[in-house]
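Written out below as structure tokens is the structure these notes cover.
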There are 2 protein chains.
Amino acid sequence: MDDDAAPRRVRADAERSTARILEAAEAVLAEDETAPLERIADAAGLARATVHRRFSSRTALLDALAAQLAQRYVQGLAEARVDSAPPVAAMLRMTETAFALKIAHRFAVQLSASMTPEVLDGLDRLFARLRDAGAITAPDPTWGRRVYLALLHEVNDLPADSPMLAGGSDEVAARAALLVTTVLQALGGLRPGEQEEGL
Amino acid sequence: MDDDAAPRRVRADAERSTARILEAAEAVLAEDETAPLERIADAAGLARATVHRRFSSRTALLDALAAQLAQRYVQGLAEARVDSAPPVAAMLRMTETAFALKIAHRFAVQLSASMTPEVLDGLDRLFARLRDAGAITAPDPTWGRRVYLALLHEVNDLPADSPMLAGGSDEVAARAALLVTTVLQALGGLRPGEQEEGL
DNA sequence: TCGATGTGCAACTCTGGTGTCGCAGTTACA
DNA sequence: TGTAACTGCGACACCAGAGTTGCACATCGA
């Protein structure tokens, strides 16, 4: 995007500023999505003008946040081996990273631009594999993906003391297990009480 | 809210204006939630100043939209007899009205203020009854309600030509059936392939 | 019919946020 | 060590939208 032909070197501290701005933006906007740039600049310990130097406009900053998150999604999909690992295991692994991203990117997560076609396709392939493996019966991968994302959000919002999370010592694992179980059941794959291996 | 002690009669055409504004606001804001009041006034065929006469501020207008919807939710819950009818049947009926409201109040639906405690309580009672009747196994009504609302949203967004909606002649009924089936399964109540009566 | 109420119009103020600029001082880095 | 890059600061123009006002005209309703 910024790779001009101009021989304009980018200094290391400038890149650090960029990173600090993105970090601060995520933190501030998570609290108030309409927060002015000045608040972000303050949080980053920089002058507002500097924010404008790194990001030509507010929307450019938001785009950068979305792009950053999209990249981590893609990375997570790859690490979970959604295209090769046993699908339920891949789903479980992907879910844990998804929760981590939801926490670290509470704001960016709600930018539609962070759900790039690449990410959506990856999830659709996962649900197609789940279906082919017999783990679910719902035929349409897109529907599976929608249910998954919607419930991902709900499980993430669930208070830590919810009775639905009881049992697990590790809270993140408990959430992931609840989500996977619920989604598989919702898509007609798991009978109530039945345990998929690894849950 | 507006019932002052002042003996200030409210003329019939003024109430009509109020209604037109609410209607126009819903329509305009559904397209663009940040649309200026002027656009709403235009859509209502009124001057912007008149909007300000009926609603002292923008937020007052939004509150009115939310209150209006909340009332219809409550009405829907009552009509579905969530506290007395067989729970699955009540759920099905409530779902159909919920879809209708989602369409007619595309914007207001996303105002958190429209989900009053009264509405939430009603849904929680429904899920408690579903559990007591054995229709689901998930113990926590709040969790049931969350899953329901999240999937309500997804099913509503599902394109009309989705394979998941095939079969029914009536599209709304098909959506309601998909939602109820999915939620009951998700909450561990319905085995895949099994049919609840009336679906 | 008459008075109270509602409305259109056309201003105006006010607020808050965006984006730009120049300049002086600081920091990286070759 | 010198130069290019970066930053802070403070000012500025700009703009969109909210909310207000006064006045002439219309409309309701008892």
Side-chain angles (χ1 to χ4, degrees), chain A residues 1-66 107-108 111 113, chain B residues 1-66 107-108 111 113:
Chain A
M1 304 295 177
D2 287 315
D3 46 316
D4 299 341
R8 189 168 201 271
R9 23 188 265 258
V10 187
R11 244 167 58 177
D13 56 346
E15 294 209 52
R16 224 180 313 139
S17 290
T18 303
R20 296 187 65 182
I21 292 169
L22 286 172
E23 199 178 341
E26 175 52 51
V28 169
L29 295 176
E31 302 278 309
D32 174 10
E33 46 189 328
T34 69
L37 290 185
E38 178 133 42
R39 197 116 43 99
I40 295 172
D42 287 350
L46 296 170
R48 188 173 62 93
T50 301
V51 175
H52 276 111
R53 288 193 190 96
R54 305 282 110 211
F55 299 96
S56 60
S57 72
R58 182 189 182 86
T59 52
L61 172 55
L62 299 190
D63 288 350
L65 280 175
F107 169 75
L111 293 174
Chain B
M1 304 297 173
D2 286 316
D3 46 316
D4 299 342
R8 189 168 201 272
R9 20 190 270 259
V10 188
R11 242 167 58 178
D13 55 345
E15 294 209 53
R16 224 181 311 139
S17 291
T18 302
R20 296 186 66 183
I21 292 169
L22 287 172
E23 199 178 341
E26 175 53 51
V28 169
L29 295 175
E31 302 277 308
D32 174 10
E33 45 189 328
T34 69
L37 290 185
E38 176 134 43
R39 198 117 39 100
I40 296 172
D42 287 351
L46 296 170
R48 188 172 62 94
T50 300
V51 175
H52 276 112
R53 289 195 190 96
R54 304 282 110 211
F55 299 96
S56 59
S57 71
R58 181 189 183 87
T59 53
L61 173 55
L62 299 191
D63 288 349
L65 280 175
F107 170 73
L111 293 175

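So you know, we letter chains A, B, ... as the sequences are listed, proteins then strands, and number each from 1. Only heavy atoms go into these numbers, but all of them, side chains included; no hydrogens, no water, no symmetry mates. Treat the numbers as computed from the prediction; the structure is a model and nothing was measured.
Both B/Thr18 and A/Ala49 lie near DNA chain C, and the one whose nearest nucleotide falls closer to the 5' end is B/Thr18. In this structure, B/Ala12 and A/Leu46 both approach DNA chain D, and ranking their closest nucleotides by distance from the 5' end singles out A/Leu46. Between A/Ser56 and A/Thr34, the residue whose closest nucleotide on DNA chain C is further toward the 5' end is A/Thr34.
Between the CZ atom of B/Arg20 and the C1' atom of C/dG6 there is a distance of 14 Å, given to the nearest Å. Separating the CD atom of B/Glu38 from the C1' atom of D/dC15 is a distance of 15 Å, rounded to the nearest angstrom. When rounded to the nearest whole Å, the span between NE2 of B/His52 and P of C/dT13 equals 17 Å. When rounded to the nearest whole Å, the span between CG of B/Asp13 and C1' of D/dC25 equals 14 Å. If you take CD of B/Glu15 and P of C/dT5, they are 14 Å apart, rounded to a whole angstrom. The CZ-P distance, from A/Arg16 to D/dC6, rounds to 12 Å in whole Å. Rounded to whole angstrom, the span from the CZ atom of B/Arg53 across to the P atom of D/dG22 amounts to 12 Å. Atom-to-atom, CZ of A/Arg39 to P of C/dG16 comes out at 12 Å; the value is rounded to the nearest Å.
Nucleic acid contact for A/Arg48: base, since at least one base atom lies under 4.0 Å from a heavy atom of the residue. Using a 4.0 Å heavy-atom cutoff across all strands shown, A/Arg11 reaches at least one base atom of the nucleic acid.
Nearest heavy atoms, A/Ala24 versus A/Ile40: CB-O, 3.7 Å. In terms of heavy atoms, B/Glu26 sits closest to B/Phe107 at OE2-N, 2.6 Å. Smallest separation of non-hydrogen atoms from B/Ile21 and B/Thr50: CD1-O, 4.4 Å. Contact record, A/Ser17 with A/Arg54: CB-CD, 4.4 Å, taken as the closest heavy-atom pair. Summarising the geometry of A/Leu65 relative to A/Ala108, their closest heavy-atom pair is O-CB, 4.0 Å, with the distance given to 0.1 Å.
Taking the side chain of A/Ala47 as heavy atoms from C-beta on, and the options C/dG6, D/dG8, D/dC6, the nearest nucleotide is D/dG8.
Look at A/Ser17 and you'll find a side-chain N or O under 4.0 angstrom from OP1 or OP2 of D/dT7. Listed pair B/Ser57 / D/dA18 fails the phosphate criterion, with no side-chain N or O lying under 4.0 Å from OP1 or OP2. Using a 4.0 Å cut-off, some side-chain N or O of A/Arg58 falls inside it from OP1 or OP2 of C/dT18.
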